[in-house]
Amino acid sequence: MSWRLGIFSRYTRARRQSERVGNVTVLQIVWLESCAPAGPTGQRNALGLTAISGTPGRGEEEQTPRTPPPGTIDFTETPLPPRSTSPNPKTLNPSQQRERERDQHRAMPSIRALKRLADSRPPPQPPCPPAAAEEEESPPQHSFSSCSSSSPPWPSAPAPSPAYPLRDFPGREAAALCGAFRDNVRWLLKRWGPVPAAASPGPSARRAFLSDDRTRAVVPIVAVEVLAASSPAPLCEFCRCAGWSHHWVSKRRYHFIIPADANWDQHFGTDMLLGRDDHLLHGLIHSNGFGHLVALRGREGGSTSLSGRDLMDIWDRLCSALRVRAVSLVDISRKHSLDLRLLLGMVNGETWFTRWGYCLARGSFNVSPATYAAALETLAFLHVDHLRSRHVRRVVTIYRRLSNKPLTSVREFLRCLLDWKHHEPPLSAPPAKPRPWLPFLMPKPCPMKRPVQPCKRFEDAVDLPHCRFSKSRLLHAAEVVVAKLLEHGNDAEMTRQALRDAARGDIGDTGLLDFVIKSVGDTIVGNHVVRRLPNAMTRILQFSLEEYEDPIDVVVEHPSPEAWWAGGSVDVERDLRAVYRAMVATLSEAAQAVLDCKHWVKCWGLGDESDDQLRFLAKWRPQPWEADDLTRPMPVGEIVVVPLHTSIGELLVEAEHALRDTYCFFEEFHAEKLDGITGERWDPVVLGGAESGDTIGVHGHGADMDTGLRCEGGLDAWQVRCVCGAQDYDGERMVACDMCGVWHHTRCVGIEDSVSVPPLFLCILCGGELMGPILKDALLAQ
């Protein structure tokens, strides 16, 4: 005997089957997450669940109990009595027909009961046969609240931590998520396994593994959910530095951490895990979708299996899949005592994080993006001959010979250095194999003269046969020019007009003087090289001198590019640091402007989706008395995702739920009406005049104006008015005036970072008002 009862809804389907096996009746309820048709008996449908169809066999199969497939619920009951014959519905009176329909309705389980059963069902275990396919559960598009049920409790077995391919994390299912971040992150963490408990207390954590098919390494990634209300530091310092101090305080924060290699097999408590600063990757995302990249350490930071590019790819794919709205970071990366944001900015015109779409958010000390771009261009196109360092000038000469290129600008020279660094031979050459050659066949040392410098002698550079001045007069005039430059200073620079005026007293022929000044650039006169280059800032021609050294003969046994390294003539790291320091010393203001730009951000936005979903930004509209109590500007709205056929009333409910579920400030908030959309509550949203991506205002009551968890910057309104023009806190060291309470940068008021803040500080305005009458009385007394 077999009977089947099906209940269908828009999202779910349940099937109950009772089979007679011997003297026992087995009742099976199979829960299906989709209305896809089931396949043959013993096979799995598209969702990986076993479908049951047909009638049990006869003979020996009836005596053998059938093992229920995975994903089913088994109950053992007593034998069913024979069913009585039901009366013909046509012969019943109306009252009997209503009673019969009511009994059938009571016998049929409701959709809510089936949903409650699905919520209480544990995750399906993988099948025992190895040939069975893995179950893949589709990401849910709607979430239902779990309720208590009278059914027997399920066995509490911790779910295993899933393993993702390193370059496919967080998986194809997560990439198909289309909801808000607060819903997407819950869906993802439900599929991760719990972290083994440790002795130290702390919030719960979930864990997954990343497997690298190239190196065979398995890397753990841990997610820790922290509640702001129970956190010892409920306000986010990173939001204040990023300019998000006006954002509402989110209820939850999610820390995604890849620990250091030495800590992969250790069980730390979540409090200890969050307190460590040696993680390879540490990202923080608030429940409203705004996050921060706290730490990133590749191979330079101690990682043996993951490079910085791999870690950044993992973080960027995770943020994109979970629909993060924006991520900020502070770029203070250094390598061999060199700031990478300055070095890579001059070489490539962009920083390392620009490859993943990060752009400059704002600069410290009121440095604007236009100022940053101008300073970067000035540094990149600075002529290398303007670097005031004899060591750098010798280095430039060596690399010009090696590359056979002019290498005029700093950008060209730094690119050449990095190219030589990447092609640098190994530190130790492989051992030479014995060769059965005769001694007279071995190559003999031969003298080789280094290539001459690109500069020529002045008498060789001038075309004497076609010149109307004699050679002696030309050499005398050139020596006078060099003497005037030496009087001005060996490393000093003189403009063309200043040099002409200085040599005018010794050379009476102005035509001869103008011809010599025109031809003497980049030539050798005596023991000096005369350089004529335009100024990087004013574009005015300037003359300078360099000491000239005669080329010497060097005996090289085997002329090859490796000989430069073997003799110690080329050290790329040393030369790179020397050029970097000389460039910073030459244009210190432009270099400091680039170094002050370290706040970068990447914004994803809502995007143009094609999944028949409407996305709005629900923004709270305060009452007049509530607006007077707000000391900061209103933040952006919260994302609300609804189906295409949603009514205005349903959108109002979703907006209220989004605000209450995301922020502490709206814990008891009740929405009353919307603005930005017209119509009654039962009218469709698409007919109300609002389009996907618009901002809708939410009016209501119940916002907690007395809570301290209102804004990420706190209730105290910082008033910043520095002499550099900064109007907001930018993460730099600041000091407040003890008289007016206005904050200033310590660097802008002359306090070094190594010096402690004085016990009494007065700004310029307050100090002038205080000292003005005193100085006036002192002057009158005199």
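From a predicted model like this one, the values you see are computed outputs, not experimental measurements.
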Between W248 and F665, is the ring centre distance below 6.0 Å?
-> yes

Verify the ring-centre separation between W244 and H292: is it less than 6.0 angstrom?
-> yes

What pair of heavy atoms forms the shortest contact from [X] to [Y], and how long is it?
| X | Y | answer |
| --- | --- | --- |
| G308 | L296 | O-CD2, 4.3 Å |
| A618 | V640 | CB-CG2, 3.8 Å |
| L189 | A223 | CD2-CB, 3.5 Å |
| S692 | R615 | OG-N, 3.1 Å |
| N184 | C178 | OD1-N, 4.5 Å |
| R323 | G179 | CG-O, 3.6 Å |

How about Y372 and D596: does a side-chain donor come under 3.5 Å of a side-chain acceptor?
-> no

Criterion side chain to side chain contact (heavy atoms under 4.5 Å, CB included) on V185 and I285, from CA distance to verdict | CA-CA 10 Å; V185 69; I285 308 178; over 6 Å; no

Is any side-chain heavy atom of [Y] closer than 4.5 Å to one of [X]?
| X | Y | result |
| --- | --- | --- |
| F256 | I314 | no |
| S303 | D310 | no |
| H246 | C711 | no |
| H255 | H279 | no |
| L293 | L281 | yes |
| E654 | F616 | no |
| I257 | L274 | yes |
| V324 | K602 | no |

May I ask you to decide if [Y]'s main-chain N or O and [X]'s side chain share a donor-acceptor pair within less than 3.5 Å?
| X | Y | answer |
| --- | --- | --- |
| N348 | E350 | no |
| R341 | T351 | no |
| R191 | W187 | yes |
| D730 | F365 | yes |
| R415 | V347 | yes |
| R660 | E667 | yes |
| R252 | D661 | yes |

To the nearest 0.5 Å, what is the distance between [atom1] on [X] and [atom2] on [Y]?
| X | Y | atom1 | atom2 | value |
| --- | --- | --- | --- | --- |
| T646 | Q613 | OG1 | CD | 8.0 Å |
| L329 | H599 | CG | NE2 | 10.0 Å |
| R334 | L342 | CZ | CG | 10.5 Å |
| L227 | S250 | CG | OG | 12.0 Å |
| L709 | K251 | CG | NZ | 11.0 Å |
| T662 | F181 | OG1 | CZ | 10.5 Å |

Inspect the contact between R297 and D261 and indicate whether a charged nitrogen and a carboxylate oxygen are less than 4.0 angstrom apart.
-> no

R632/E712 salt bridge by N-O under 4.0 Å criterion | no

Evaluation steps, side chain to side chain contact (heavy atoms under 4.5 Å, CB included), between C319 and W604 = CA-CA 9 Å; C319 295; W604 278 263; 3.7 Å; yes

Quick one: list whatever passes salt bridge (Lys or Arg N to Asp or Glu O under 4.0 Å) with D213, sequence neighbours left out.
-> R167

Can you name the residues that form a salt bridge (Lys or Arg N to Asp or Glu O under 4.0 Å) with R325, not counting sequence neighbours?
-> E638

Any chance you could lay out the side chain to side chain contact (heavy atoms under 4.5 Å, CB included) test for R309 and W356, step after step, and finish with the verdict?
-> CA-CA 10 Å; R309 188 185 297 270; W356 289 272; 3.9 Å; yes

Which residues satisfy the side-chain contact (heavy atoms from CB on, under 4.5 Å) test with A217, sequence neighbours excluded?
-> T215, S305

Stepwise side chain to side chain contact (heavy atoms under 4.5 Å, CB included) check, V594 with D339 | CA-CA 10 Å; V594 175; D339 294 282; over 6 Å; no

